[in-house]
Protein chains: 2
Amino acid sequence: MVNIKDIAKAAGVSISTVSYALNGVDKVNEKTRQRIIKIADDINYIPNRAARTLKTKATDVIAIYLADFGGNFYGRLLDALKISLEKYHYEMIVCTGIKSHRFLPEQMVDAAVILDWKFTTEDILKYTHMGRKFVVLDREIDSDLVGQILVDNYHGVELVLSRLTETKTDKVFIISGPKNSFDNEQRLSHSVEWLESHAIDYEVLEGKFTELSGYFAAKQLVKAYQGQPLKVISLNDEMAVGVYRYLLNTDLTIGKDILIAGFDNSEMGQVVTPRLTSVGYEIDQWSDMIATMLNAMLNDQAAEKLWLPVHLTEGGSLG
Amino acid sequence: MVNIKDIAKAAGVSISTVSYALNGVDKVNEKTRQRIIKIADDINYIPNRAARTLKTKATDVIAIYLADFGGNFYGRLLDALKISLEKYHYEMIVCTGIKSHRFLPEQMVDAAVILDWKFTTEDILKYTHMGRKFVVLDREIDSDLVGQILVDNYHGVELVLSRLTETKTDKVFIISGPKNSFDNEQRLSHSVEWLESHAIDYEVLEGKFTELSGYFAAKQLVKAYQGQPLKVISLNDEMAVGVYRYLLNTDLTIGKDILIAGFDNSEMGQVVTPRLTSVGYEIDQWSDMIATMLNAMLNDQAAEKLWLPVHLTEGGSLG
DNA sequence: CTGTTAGCGCCTTCAA
DNA sequence: TTGAAGGCGCTAACAG
């Protein structure tokens, strides 16, 4: 593998001159720089990252941690993050599994974005004290050293429930998600709080954030139907779509007999009829906030805790 | 950040003794080894990966390259690969984007699995000659230095078409996928060959491997329907499910008026009614083959070209 | 403007 | 069984 020494030899200069030339340090004659660059190019020189990292203590690589690659929700965020991080010249890698957490103390990556409930807060704090930088998207941490950018689920719940209960409401059905999901916990607990404080009855149907689990929840809904429109808040869109699908086999219709809203403003929800009313947020905005904060933190600015704004996209599913 | 030197000082030995002790080299007194290990543990020592890589020229990290994280995100394969690679003690990272291709010549990763049509064969061969190892899943390469493990689409097409044409067949509709997909190209070209060699008429409806594109293709099918069952090969399951969905709005039914089979044996296809007949293959087998071959190649054994076996899972969609 | 040199943290040969 | 020392490839003072 060709290295800086080979170039120096070929160019008849010292290795430091090569290093300066290649790194654009303004210390070397323009002509020799061009000559060196040409040679480097000709022999296909690419710097060894390990050596550079060892010296500079920085990799400019940011790792995104996921619990697993199942489901297909995080695809859009990952693609957006890739673009946002590139604006700051960071390279992105995606990791999963406990063992890969080592990359941080090993100094193989400078920082991490956490979307992985298996990555313990304890470890995050430990590595933070080793100089690694973190932005978490899936938990609240009581530390001003850890960046936090969270979907504003509180506001989202309020938007849905106040809209859903504009007309007289005896009861609201909540289709919940899996226990280990931060978003589920937030949406669920705030829904319950909101409904209790407004003295509205509710019932929780347990789901898993999958279309299939929404499909099964819909069976319960149909059973509960007694001639009056049923009001439902589904804690994500996929499950709401499952409800749509189940209702195709019945004579109940969305927007009339079943009034339902979801979260995430997913593509799926935009395609069904009537379109699903959903709490949305801008993925690109999220990824830009993340990249900007990481960049700030890597330049020794303070971490922050921010909420990602949400809005209600109205379809016809609330009538 | 604590290093080998700190441990040496704390233990009152030299750094080489520490290195031996920690790496299990059988050269150091068992008692001092235990003492050293204890100290390393106490002060939370974790070796610096850049330094080790620089010295050993190996990272034990394998990169998986994807074109993007959207659409047909290969979640199941990635999760399986993670497990298979762990058996050989390799770490896995997932990368996307042209710039991250640099990780290979930079020697940040030892090997790569390619599922990314944007990663050119030219670059793969170039990096191969620099000592990096590759297994490609999305193309055939005329080189015995590059590992290749491909879904046996030829056999898959034969299984579907011979089954589909058991009864008298005038014409077969093919719902194709996107141009840049290797699997699409193989399935499509072999379908055409097979049908031509059997003197059966065919028509290609262009799709994109998405449910929505299948939905649109179904409109064409319905137009073409003239009282006789229509025979359809969908080059993946998602599009076939799109056909199911569209037909819900019509009075044609799958398994009677429309006979359809797909590829990939996806979860979605197992849930619809009637279940979708589909060409399946074992993801775990695929990931094990990949990990085993990579491990062999990294131990200087020859690369191979293998085909992943397929089988036909019968649902009711062919009647 | 260019060269010499001292490490970064680790592994490993050679010597004791 | 342990230690000293060289070097992996690169960067960045410091000299010249």
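First the proteins, then the strands, lettered A, B, ... as listed; each starts at 1. Note that these values count all heavy atoms, side chains included, but never hydrogens, waters or copies made by symmetry. Just so it is clear, the model here is predicted, and its values are computed rather than measured.
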Spacing of A:Met130 atom CE relative to C:dG9 atom C1', expressed in whole Å: 15 Å
note: B:Glu30, atom CD; D:dT1, atom C1'; distance rounded to Å ~ 13 Å
Protein-nucleotide distance (B:Ile7, atom CD1; D:dT2, atom C1'), rounded to Å: 17 Å
Is there a side-chain contact between B:Tyr127 and B:Phe134 in this structure, where contact means two heavy atoms from C-beta onward sitting under 4.5 Å apart? yes
In whole Å, I'd like the distance from the NZ atom of B:Lys57 to the C1' atom of D:dC10. 11 Å
Would you kindly give the CG-to-C1' distance between A:Leu54 and D:dC8, to the nearest whole Å? 9 Å
Roughly, in whole Å, what's the span from CG in B:Asn29 to P in D:dG3? 11 Å
Quantify the bending of the helix from C:dC1-D:dG16 to C:dA16-D:dT1 as the angle between its end axes, each fitted on five pairs, to 10°. 50°
What is the distance from CZ of A:Arg33 to C1' of C:dC1, rounded to the nearest Å? 12 Å
Looking only at non-hydrogen atoms, find the nearest pair between A:Val25 and A:Arg33 and report the distance. O-NH2, 3.2 Å
Tell me whether the rings of A:Phe119 and A:His101 are parallel (<30°), tilted (30 to 60°) or perpendicular (>60°). parallel
Are B:Arg132 and B:Glu106 within salt-bridge range, i.e. N to O under 4.0 Å? no
Please tell me whether A:Thr121 and A:Arg139 have a donor and an acceptor in their side chains that are separated by less than 3.5 angstrom. yes
Is B:Arg187 salt-bridged to B:Asp264, going by a charged N under 4.0 Å from an acidic O? yes
Between B:Lys126 and B:Asp123, does a salt bridge (charged side-chain N to carboxylate O under 4.0 Å, His left out) hold up when you go through it step by step? CA-CA 5 Å; B:Lys126 186 162 82 188; B:Asp123 280 347; 3.7 Å; yes
Whole angstrom is fine here: how far is it from CZ in A:Arg49 over to P in D:dT11? 12 Å
Reading 5' to 3' through nucleotides 10-16 of chain C, protein heavy-atom contacts under 4.0 Å coded B for base, S for sugar-phosphate only, - for none: BBBBB--
Just by distance, with hydrogens left out, do B:Asn3 and B:Asn48 show a side-chain donor and acceptor under 3.5 Å apart? no
Considering all heavy atoms, the nearest A:Asp138-A:Leu150 contact: N-CD2, 4.1 Å
How is B:Thr32 classified with respect to the nucleic acid when contacts are heavy atoms under 4.0 Å: base, sugar-phosphate, or nothing? sugar-phosphate
